[in-house]
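Okay, so here's the structure we're looking at.
Keep in mind the model is a prediction, meaning the values are calculated, not measured. Residue indices begin at 1 and follow the sequence shown.
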Amino acid sequence: MRTFDFRSDTVTQPTPNMRKAMFEAVVGDDVYRDDPTVNELESKCAALLGKEAALFVPSGTFGNQLAILTHTKRGDEVILGDACHILRYEVGAAAVIAGVQLRSAPTEKGCFYPGHLEKLIRGDDIHFPETGLICIENAHSGGNAVPLEHMAAVYKIAGDNGIPVHLDGARLFNAALALGVEAKAIAAYADSIMFCLSKGLCAPIGSMLVGNRSFIERARKNRKMMGGGLRQVGILAAAGRIAIEEMIPALADDHLMANRLAAGLEKIPKIEVQQAQRDINFVFCKIALPMPLEAFTEALSAKGLIVTGTPDGHFRFVANHDTPEEGVDLLIDTLKTLLS
Ligand SMILES: *Cc1c(COP(=O)(O)O)cnc(C)c1O
């Protein structure tokens, strides 16, 4: 039976072209900077975001934490949104690796409230930590693309106070698609950007950290310290190149499939689609469950549909490269049947 996995875009399989490129990759020792495939991917990614340099890192978490470590010193305070990945889902790493304190601010659709960010930036008082960094997430994992105007406003406030901005752009290209701009236009409002090759872009492993040359050189050394100096990593960079060249354009299909799914679910009376969170390839919804969660997900899995949800009926369905139209339609029809 064919299965369709709606849990995340992290479940995507490397494409046949990626496997071929990995097989054929010309590689070298990347710690000596001898890997031509990595060097090519790094310069491609820098150019794509309009920055000077880029660095291949093993994961998104690695890239975010490396950025924090490189921008800050121990004891600094980092301002970020209270629903962001760095705060919620990175195992407290900022305290362990960079030794910084995270200060969260409430956000709506990934945006800080007007006038709030300024108030969180620390002054000169002897008691205060220094504000070392502001982080923003775009696309936000709540399903929203943060508008360019908000990115610009945050960047201006940060710049006026001499504070760098790091963008957690795990799904940067989904945000660009949703906003109808080039990724470069979003990256213009950040000093460093992390984006994932391994989510909707289908690469098996890897993220990129992008910024100016001196930042990336310092990050390169810190990456070595963190154990991320990899050797013949062109094997992975080869898949990353296909991700950039072939899979960024393909994200538009994921967004269309998410729209198709949302439109189908919208017609089912026991499902409430959260339309306010519908900018990218995510569909959040509340389902009035007719049975316990486990039985419900098992009934879906018997049809080849893999989903996760909460016992009170909150679900996030993610459209990805491996959930084509027939998978989306099967999910809609199966939910219709289960809920009738
Ligand atoms: C997935 C994700 C990350 C981390 O990426 P990993 O490769 O899973 O470590 C960081 N930020 C956001 C917003 C993410 O969705």
Original post:
What do you reckon, are the aromatic ring centroids of H116 and F112 less than 6.0 Å apart?
Top reply: no

Original post:
Would you say the side chain of E77 lies within less than 4.5 Å of the side chain of E130, judging by non-hydrogen atoms?
Top reply: no

Original post:
To the nearest 0.5 Å, how far apart are CG in L289 and CG in L338?
Top reply: 10.0 Å

Original post:
Say you draw a straight line from CG of D168 to OG of S192; how long is it, rounded to the nearest 0.5 Å?
Top reply: 10.0 Å

Original post:
Which class fits the ring pair H71 and F215: parallel under 30°, tilted 30 to 60°, perpendicular over 60°?
Top reply: parallel

Original post:
NE2/H166 to SG/C135 distance, rounded to the nearest 0.5 angstrom?
Top reply: 5.5 Å

Original post:
Using a distance-only test with no angle check, is there a side-chain donor-acceptor pair under 3.5 angstrom linking N281 and D9?
Top reply: yes

Original post:
Passes side chain to side chain donor-acceptor pair (under 3.5 Å), N17 versus E246? Steps please.
Top reply: CA-CA 9 Å; N17 281 353; E246 298 180 6; 2.9 Å; yes

Original post:
How many angstroms lie between atom NZ of K221 and atom OG1 of T70, to the nearest 0.5 angstrom?
Top reply: 12.0 Å

**OP:** Would you sort out whether D76 and R122 count as a salt bridge (charged side-chain N to carboxylate O under 4.0 Å, His left out), showing the intermediate values?
**Re:** CA-CA 10 Å; D76 276 0; R122 300 288 196 158; over 6 Å; no

Original post:
Do L201 and H321 come within less than 4.5 Å of each other through their side chains, counting heavy atoms only?
Top reply: no

Subject >> Side chains of N144 and Q277, donor plus acceptor under 3.5 Å >> reply: no

Original post:
Going by heavy atoms in the side chains, are H140 and K109 under 4.5 Å from each other?
Top reply: no

Original post:
Are side-chain heavy atoms of P290 and F296 found at a separation under 4.5 Å?
Top reply: yes

Subject >> From CG (D35) to CD (E42), nearest 0.5 Å >> reply: 9.0 Å

Subject >> side chain to side chain donor-acceptor pair (under 3.5 Å) evaluation trace for H314 with D312 >> reply: CA-CA 6 Å; H314 286 98; D312 62 349; 3.3 Å; yes

**OP:** Check the pair D329, R260 against salt bridge (charged side-chain N to carboxylate O under 4.0 Å, His left out), reporting the backbone distance first and the verdict last.
**Re:** CA-CA 8 Å; D329 291 349; R260 184 180 180 93; 2.8 Å; yes

**OP:** Give a yes or no on whether the ring-centroid distance for F315 and F317 is below 6.0 angstrom.
**Re:** yes

**OP:** In sequence, state the C-alpha distance, the side-chain angles, and the governing distance for E90 and N64, and then conclude on side chain to side chain donor-acceptor pair (under 3.5 Å).
**Re:** CA-CA 9 Å; E90 300 193 3; N64 281 336; 3.0 Å; yes

Original post:
With no hydrogens and no angle check, do the side chains of R171 and N138 hold a donor and an acceptor under 3.5 Å apart?
Top reply: no

**OP:** Kindly assign one of parallel, tilted or perpendicular to the pair F282 and F284, based on the angle between their ring planes and the thresholds 30° and 60°.
**Re:** perpendicular

Subject >> Derivation and outcome, side chain to side chain donor-acceptor pair (under 3.5 Å), residues Q65 and T61 >> reply: CA-CA 6 Å; Q65 296 302 326; T61 301; over 6 Å; no

Subject >> K336 and E266 ion-paired at < 4.0 Å >> reply: no

Original post:
When you look at CG of D124, are more than 12 heavy atoms from neighbouring residues, nucleotides or ligands closer to it than 6.0 Å?
Top reply: no

Subject >> Salt-bridge criterion met for K286 and E272 (N-O under 4.0 Å) >> reply: no

